[in-house]
There are 2 protein chains.
Amino acid sequence: MLDATRSWTTTLDHHVGHRSDHPTDHHVGHRTDHRRDGLADDPMDGPVAQDDPDDPVDDRTGQRTVAETAARRPASRYGNRPTMKDVAARAGVGLKTVSRVVNGEPGVTPDTERRVQEAIEALGFRRNDSARVLRKGRTASIGLVLEDLADPFYGPLSRAVEEVARAHGALLINGSSAEDPDREQELVLALCARRVDGLVIIPAADDHRYLEPEIAAGVATVFVDRPAGKIDADAVLSDSFGGARDGVAHLIAHGHRRIGFIGDQPRIHTAIERLRGYRAAMEDAEIPVDEAWVSLGLTDPERVRAAAEEMLAGPDPVTAIFAGNNRVTVTVVRVLAALDRPVALVGFDDIELADLLDPGVTVVAQDAAQLGRTAAERLFRQLDGASGAPERVELPTRLIQRGSGELPPAG
Amino acid sequence: MLDATRSWTTTLDHHVGHRSDHPTDHHVGHRTDHRRDGLADDPMDGPVAQDDPDDPVDDRTGQRTVAETAARRPASRYGNRPTMKDVAARAGVGLKTVSRVVNGEPGVTPDTERRVQEAIEALGFRRNDSARVLRKGRTASIGLVLEDLADPFYGPLSRAVEEVARAHGALLINGSSAEDPDREQELVLALCARRVDGLVIIPAADDHRYLEPEIAAGVATVFVDRPAGKIDADAVLSDSFGGARDGVAHLIAHGHRRIGFIGDQPRIHTAIERLRGYRAAMEDAEIPVDEAWVSLGLTDPERVRAAAEEMLAGPDPVTAIFAGNNRVTVTVVRVLAALDRPVALVGFDDIELADLLDPGVTVVAQDAAQLGRTAAERLFRQLDGASGAPERVELPTRLIQRGSGELPPAG
DNA sequence: CTTGCATCTGACAACGTTGTCCAGGCCCTA
DNA sequence: TAGGGCCTGGACAACGTTGTCAGATGCAAG
């Protein structure tokens, strides 16, 4: 009757322990008010910094109120899920045996395994991965920081990263920087505190030295779409320079000489590169660039509209426009649609329904999904121990002719 | 020197002299065979564990000498980040004092605080939130399970959820179910294992009883876009029925009687609701529905194109089409563009550039961002302790006339 | 020069999991 | 029948953090 002895001791142990206040096993989901002490808004003072000045508990006095005493056994208040210990007690086996069953490790009799499984089922046990992480050191999750998930360019990119992560058994945590360097840093560091195994970053900032300690500590890091600033790190980029040069050359080939360029803020690497491509194409064709044709800045519709209208007005208007990204392209399409004369347009980034417009929008397409996939794969290669100097990978772009880029100059 | 006071009963019970042996143990991560049950992935061991073979420090003795502490200092050792213990040692203070400084708790002399801050800086310490979570019980992260992040409808929704989460100091983990019920469940349970505080789910499955133990254990849950199946849970929906009815009524008002409906798979709640709206509008106008006009199924371009072409062919073709969601709309637009006669179209969901097509696409718009925001707010209200019976919130839709819905019947 | 009282500080035990290692039981061989 | 090797099961100590509580320290009042 060793079995009896065993379950006896464990049961005893169990009752002496902290959970003695549960006479019945099945506490059904009646949801009590789980208002814990200060936290209401912010349990882990994560991204939002704060000092709770209204902390209701003041234990300097040393006196113990009823409320305090109740709060003292947090384990029985909120979300106290059954643990392996509970499962073990119910199944009448040891803790480690439960662990073995849960993880499918060998060395458990079918009979024992069945008993454990039953207990798991009955209690609704689910392994706490936080604890597992703490023990194992890897979280099996990666972070993705991008500009704005709502942007049609980043959706597919994020999805591609997710698929690769999934193939490696990892989850994806993502955050939007809203193109704000401070917010980017805040997000990245919050992710590091969660101990993500790796980071895929579409940077908004241009100084990433804040990442150095993290990288030194082993956080794999890959930058996408734009390179890192002031540190050396892997980067997966589209060939912005080449793509823009080709796009502009395409316009030139169709007879244009006065070509406008509307791009993103000069702080952003791709904006610079694309402008550089524009200038290169113009120079190749020996066309001097009138600086009135060039406009960098925010990509909100108002600014872009103003910029476009300005270069389309006057005695010597541009006859073609190169749009620096998808948001710019959309706005320029609208402006041109309201115009009484045809103006050629080539946009960077493909946009949905571009083929159904009249004329169809000619674009320099980059493959967002491929960008994400490549970056994620590099990340996991880093995690698999591949070391070596950081590299910069550049993916080619593709010119898709749909009509708007093939219009001849007006007149 | 070694803490004999510990639960000596248990120590006595078992190995008596067990603590003094194995002065060193360089254990390499020897991996035994994994006979795991299905589960496809191996959550934690996915990214390979790198075992630093050159680990110079072994402090199994439990006592920390000055020399050891010094030897530990090179924080550059891979995957072995400094802990509060290290910081404490370097600053010459106690562990708890470091914790206090890190968390901005009161009761630390400015001088002490400075010393600790310096040590933190020097070592590149960053608090390990995994451990914190384990201790505190809340992860300050929420999960979002949706169909496909690359879908332009879900991007803004996800972003909206993220913003609300951020306002509450939480991070967002999201996963794509790819419209696969099994994958949805797998994802949801993985998120529960990470102990997310709450879940926002756009369900693919129609049976969510698997969530019952989780909800009972206190995981806040809100369904969006589609209600939960077979359990009672909060849901935030668009008024699919009303929206579709209005859209179809709009077509009827413009003289159409033979109106086609192309929707998503009948498994999906919104597809059913929208079809119901279609039928209601037809019935209100006393128009009998020819079942050849109705097509439910996958929303990939091929299927939709075939369905559209079929109802547009024959002697008595439809003169108008109601498209059940954004993907369907896009495909139908393409089909109609290739047609030689005008056919009216109203689509559910707004699509970008819809206004620039010719004719503009009339749509029944739902506000994806508002949907996400509302859901996330409900979630955090749950987390803040608001209890009460689950509710279903329905957001109104908005008919946007752009031309395609106002075309009269051909002939 | 005590006493009292605040203030600061640090030892210690959780939190839930997994790696290590030993103790039995079993089967097999000699 | 004894002795050796598997196989199964369980006790224990981490992992890095925070809550508790008691010990130090300083300073004012008696």
Side-chain angles (χ1 to χ4, degrees), chain A residues 2-3 6 9-10 13 17-18 37 44 57 59-62 64 68 71-75 80-88 92-103 105-113 116 125-137 193 195, chain B residues 3 5-7 10-19 21-22 25 27-32 44 59-60 62 80-88 92-103 105-113 125-137 193 195:
Chain A
L2 205 79
D3 235 29
R6 186 166 60 226
T9 42
T10 44
D13 202 38
H18 63 290
D37 38 1
M44 333 248 312
V57 175
D59 46 15
R60 276 190 287 274
T61 66
R64 184 151 303 290
E68 251 176 292
R72 206 150 66 94
R73 56 188 58 175
N80 62 328
R81 306 198 55 147
T83 73
M84 285 192 177
K85 208 155 134 189
D86 301 316
V87 174
V93 303
L95 188 55
K96 189 60 217 277
T97 300
V98 177
S99 172
R100 271 192 273 261
V101 171
V102 169
N103 294 296
E105 287 169 23
V108 181
T109 332
D111 180 58
T112 307
E113 171 160 4
V116 172
F125 166 81
R126 185 163 318 284
R127 183 178 62 197
N128 184 334
D129 275 352
S130 292
R132 184 167 212 241
V133 157
L134 184 57
R135 190 60 231 257
K136 292 208 128 181
R195 295 292 189 269
Chain B
D3 42 358
T5 66
R6 252 181 21 83
S7 54
T10 50
T11 306
L12 184 69
D13 236 356
H14 309 283
H15 7 282
V16 180
H18 151 36
R19 292 168 64 80
D21 40 10
H22 61 272
D25 61 4
H27 52 290
V28 209
H30 98 97
R31 197 179 301 195
T32 53
M44 293 299 165
D59 45 20
R60 287 292 185 278
N80 193 352
R81 306 199 56 146
T83 73
M84 285 192 177
K85 213 154 133 189
D86 300 317
V87 174
V93 302
L95 187 55
K96 189 60 217 275
T97 300
V98 177
S99 172
R100 271 190 274 263
V101 170
V102 168
N103 294 294
E105 287 170 23
V108 181
T109 326
D111 180 58
T112 308
E113 171 160 3
F125 166 81
R126 187 165 316 284
R127 182 178 64 196
N128 184 335
D129 275 353
S130 292
R132 184 166 212 240
V133 157
L134 184 57
R135 194 59 232 259
K136 290 210 133 186
R195 294 293 187 270

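All chains are named by letter (A, B, ...) in the order of the sequence lines, taking the proteins before the strands, and each is independently numbered beginning at 1. Just so you know, these numbers come straight off a predicted model, no measurement behind them.
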- Item | side-chain N/O B:N103 vs D:dT18 OP1/OP2, d < 4.0 Å | yes
- Taking for B:G107 and for B:R195 the nucleotide of DNA chain C with the nearest heavy atom, the one nearer the 5' end belongs to B:G107
- Task: Taking only the side-chain heavy atoms of A:L134 (C-beta and beyond), determine which of D:dT17, D:dG19, C:dG16 contains the nearest atom.
- Result: C:dG16
- Which nucleotide, D:dG19, D:dG9, D:dT17, lies nearest any side-chain atom of B:L95? D:dT17
- Any B:T109 side-chain N or O less than 4.0 Å from OP1/OP2 of C:dT9: yes
- With a non-hydrogen cut-off below 4.0 angstrom, is B:V93 in contact with a base, only sugar-phosphate, or nothing? sugar-phosphate
- OP1 or OP2 of D:dT18 sitting under 4.0 Å from any side-chain N/O of B:S99? yes
- Closest to the B:R127 side chain, choosing from D:dC15, D:dT20, D:dT17: D:dT17
- Between A:T97 and A:A131, which has a closest nucleotide on DNA chain D that is more 5'? A:T97
- Query: Counting only side-chain N and O atoms of A:K96, is one of them less than 4.0 Å from OP1 or OP2 of D:dT8?
  - Reply: no
- Query: Within the structure shown, what part of the strands sits under 4.0 Å from B:T112 by heavy-atom distance: base, sugar-phosphate, or nothing?
  - Reply: sugar-phosphate
- Message: Using whole Å, what does the distance between atom P of nucleotide C:dT17 and atom CG of A:D129 come to?
- Response: 9 Å
- Item | From CA spacing to verdict: side chain to side chain contact (heavy atoms under 4.5 Å, CB included), A:R132, A:V102 | CA-CA 12 Å; A:R132 184 167 212 241; A:V102 169; over 6 Å; no
- Considering only D:dG9, C:dT17, C:dA14, which nucleotide approaches the side chain of B:R135 most closely? C:dA14
